[in-house]
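Reviewing the structure listed below.
Within every chain, numbering begins at 1; the chains are lettered A, B, ... in the order of the sequence lines, protein sequences first and strands thereafter.
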Amino acid sequence: MKLIEPTNFIEEEINKDLASGKAKEVITRFPPEPSGYWHIGHCKAITIDFETAKKYGGYTYLRMDDTNPAKEDGDFANSYLADLAWLGYKPKKLIYASEAYFDGMYEIAEQLIKNGDAYVDEQSAEEISATRGTLTTPGKESPYRNRPWQESLQIFRDMKAGKYADGSVVLRAKIDMAHPNINMRDPIIYRVLHAHHYRTGDKWCIYPMYDYAHPLEDAMEGVTFSLCDMSFEDHRPLYNWVLEKGWKKPYPPRQIEFAKLNLENVLLGKRHLKQLVNDKKVMGWDDPRFLTIVGMKRRGYTAQGIKDFIKSAGVTKADSVIPLSALDYHIRNDLNQIATRAMVVLDPLKVLITNYEGEEEVLIDNNPNDETAGQHKALFSKEIYIEKEDFSLNPPPKYNRLVVGGIVRLKGAYIIKCNKVVYGKNGEIDHLECEYVPNTKSGNDTSGIKCKGTIHFVSANNCFEITIRNFKNLIKDEYIDPIKAMSEGVTLDEMLTPNSMTESKALAENFLKKAKIEDKFQFMRKGYYCVDKDSTKDNMIFNYTISLKDGFKMPKPTK
RNA sequence: AGGGGUGUAGCCAAGCGGUAAGGCACAAGACUUUGACUCUUGCAUGCGUAGGUUCAAAUCCUGCCACCCCUGCCA
């Protein structure tokens, strides 16, 4: 296997192992426990696992790390397959650790007992906890620690046969109760659990612990590099101990840790998201305000944008917190290349073109940055709607939209001049009276008139009402680190932005009637939106994905 | 003297003894029939800190400081 030009420390380590012959190929795994929905943090791990292996011509397994029947559920496992496919990754194989490796792990456990490397402890959970010692003091050895291995083996077999109650006995690795690393103080490697497993049913009533299971799963699978987050760094000595005592074969897997992804003003914890779902603060796990995969997908984020963001963040061991603006950048960047342009007036103001009768087609580029995207037809007619904020009675400096007596270009159509503001009974502006300049049609402008502003519009004869779902960040700006805030006593409720989801109506070009769920559009000059799954034939709902960058700083109103 | 990690700009991050890449954000300007996109320019005499080694140190050595993780029969 050839070496590559490393782009991060993990690849440097892999290169070293490949060069020295410690490893022969790069096979990785992504090992979720099927007990919750994936979020953007998982995307980082997934991306690293899959991209790293791919770069070396290796491959990646998707392995359900389902060693705890009390927490796991097959629905989650199925959701992962869909999420992974959406992200654009295809695992070499889907493996359920429970089905594939439980037998092998059990055999190895018996071997460990026979070798004197593991023993059955009959102390209570409280006793085990109390004798583990503390961060600064060593633990005490269990009275069962040096019992004959034959005794341990017999009990272990009886545990497996169902003769012991939950919590009454455990199998422990015999390492060192005085070890400065607490993980090495005779860790429990098997516990009794009479629970129904979503894959293996009632076949087992003893289940291996993570620290014992993970290295053996990796080894049996043929994984060569087991990449995980920094919180497992302290577990690496145990990972290696299990391999050394239980696996004993050449080319064991190597665990390498990297720092996980943290974002400002974002809550990702399963517990907290679940609370928000249960309390009906959001629409569900796929709420567009969540950075779960299903949430981001519904919001209109693209897999490409998410992956670009993750790659841009890099792979290191240092703690970091990335502002949301970095994610926004990559989402916009990708959407800019793929989203179809459309004209939608979010807050309509009626305009009558006094010197125009009838109607005519105008052509709008589907994507000015992509010639192959084609064009679609919009309409110009006597009665149109423009955005309220595109007209001003007392314009701020550098305002180049419509003012009384001023001109503006209607995107794809004519230049118009505003002659009169017509007020309604309540004193509000009812509509504008404008005239169009005949020889200024887009693509055919012979007038020579220079017009600074271009605004979007819809024709009354070519629009329909849609529903817009607007989103604000779920967490208030001041809570950059929500978990920390909670630890300081702030409640989840206090951190929530009030009315972070609102609905409004807008007028869209008829062209948008054909749009299907998840289709992505740029509402010109406003932002990116996508069709929500709640849409019906009579009520199309568009989710606000993200705004366009706005270089014009609208000054505060003058009065 | 518990153990394990990490400190480079507002935020990420290259750098691996030869004189601080790049991106985000921000600012100014050009272009523009989207105030988008694109383009140009600016943005660390400084690499947690104090010493030391060297012709030369973000890189090597020593001390100190700060922050993160670890006492589940969770993963």
Among A75(B), C37(B), G5(B), the one nearest any side-chain atom of Asn336(A) is C37(B)

Re U34(B): Watson-Crick or G-U wobble partner, both distances kept under 3.5 Å, found to be none

Answer yes or no: is there an ion pair linking Glu217(A) with Arg29(A), defined by an N-O contact shorter than 4.0 Å?
no

Atom CD of Gln255(A) and atom P of G5(B) are separated, to the nearest Å, by 12 Å

Comparing nearest nucleotides in RNA chain B, the 5'-proximal residue of the pair Ala318(A), Arg332(A) is Ala318(A)

Next on the checklist: Centroid distance below 5.5 Å plus an interplanar angle below 30 degrees: do Tyr210(A) and A75(B) meet both conditions?
Outcome noted: no

Check: Are Ser320(A) and C12(B) close enough that a side-chain N or O sits under 4.0 Å from OP1 or OP2?
Finding: no

Applying the 3.5 Å cut-off to both distances, the Watson-Crick or G-U partner of U40(B) turns out to be A28(B)

Any side-chain N or O of Arg185(A) below 4.0 angstrom from OP1/OP2 of C70(B)? no

For atom CD of Glu488(A), decide whether the heavy atoms of other residues, nucleotides or ligands shown that lie under 6.0 angstrom number more than 12. yes

So does Thr67(A) get a side-chain nitrogen or oxygen closer than 4.0 Å to the phosphate oxygens (OP1/OP2) of A75(B)?
-> yes

For this session: Would you classify Tyr207(A) as touching base, sugar-phosphate or nothing, given that sugar-phosphate means primed atoms plus P, OP1 and OP2, and contacts are heavy atoms under 4.0 Å?
Result: nothing

Closest of G35(B), G4(B), C24(B) to the Lys398(A) side chain is G35(B)

